[in-house]
Amino acid sequence: MKVQIITLFPEMFEKVLNTSMLWKAQECSAVSFELIDLRTFGIGVRRTVDDTPYGGGDGMLLKVEPLVAAIEHAKKISPNSKVFLPTPRGTVFKQSKAKSLAKQNEDMIIICPRYEGYDERITDWVDEQFCIGNYVLTGGEIPAMVLIDSVVRLLPGVLGGDLSAEIESFQQDDVSVEFPQYTRPEEFRGKKVPKILLSGHHAQIDKWRKGDE
Ligand code: ADE
């Protein structure tokens with residue numbers, strides 16, 4: 001899967017994409033990332049990317065021309081990519097969506113809006129608008145990271161070993177019902193690990209983990 005990220009702040013992604021699982025996912029060629037600096041597609045010598053809204057209102061909007069130019073640039077490299085736009089007006093992003101995107105394993109272009117928003121005409125170049133929760137963030141970078149992390153960890157070969165797959169199998173529909181887990185020591189400041197987990201009875205442990213006990 002190739003993921004192209006259109007942003008005014010590529011530096012925000014450097015650490016996140018090159019740490020832990022997302023780094024590992026690149027190492028095993030499950031994913032590759034390309035950061036596209038929207039400023040490169042700005043207009044004129046000042047590389048302008050924003051302007052005031054028609055009809056008045058606070059703040060600035062991202063202009064349509066630089067955004068479309070950036071998408072067209074990304075599509076030259078990956079013509080069949082799906083274009084994603086994070087927005088509080090989008091469909092709420094759930095685990096089931098992360099799973100289906102990982103299964104489809106299609107290339108993605110993610111636009112990261114800034115300022116007060118974007119010229120609505122950009123949505124004609126967008127396949128999916130998503131929202132990561134009922135709150136408003138200052139930009140699309142963090143929602144883009146949420147989308148990337150939740151999808152890439154599910155790509156084949158990224159999560160380590162059978163145990164992770166087993167834990168995933170306890171997830172029902174959209175809601176994670178991941179069970180509580182413990183490691184050594186058996187007792188810490190009087191707080192004990194549940195006895196069942198020390199019993200070695202795997203069938204009973206599975207039952208406990210599913211909440212059937
Ligand atoms: N942009 C600003 N807030 C957002 C949210 N909650 N989800 C997606 N994109 C956003």
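First listed ligand is number 1; within each ligand, the first listed atom is number 1.
Annotation: Glu106, atom CD; neighbour count of heavy atoms from other residues, nucleotides and ligands within 6.0 Å is above 12. Within 6.0 Å of CD1 in Ile142 there are 12 or fewer heavy atoms belonging to other residues, nucleotides or ligands. Enclosure of atom CG in Asp58 is not indicated, since only 12 or fewer non-hydrogen atoms of other residues, nucleotides or ligands lie within 6.0 angstrom.
Protein neighbours of ligand 1 below 4.0 Å, counting non-hydrogen atoms: Pro86, Thr87, Pro88, Phe130, Cys131, Ile132, Gly133, Tyr135, Val136, Leu137, Pro143.
Between Phe130 and Phe84, the two ring planes are perpendicular [angle over 60°; tilted spans 30° to 60°].
A side-chain contact (heavy atoms from CB on, under 4.5 Å) with Val151 is found for exactly one of Val146, Val3, Leu101, namely Leu101.
The side-chain hydrogen bond (donor to acceptor under 3.5 Å, both in side chains) contacts involving residues 2-11 comprise Gln4-Glu34, Thr7-Glu141, where partners must be two or more places apart or lie in separate chains.
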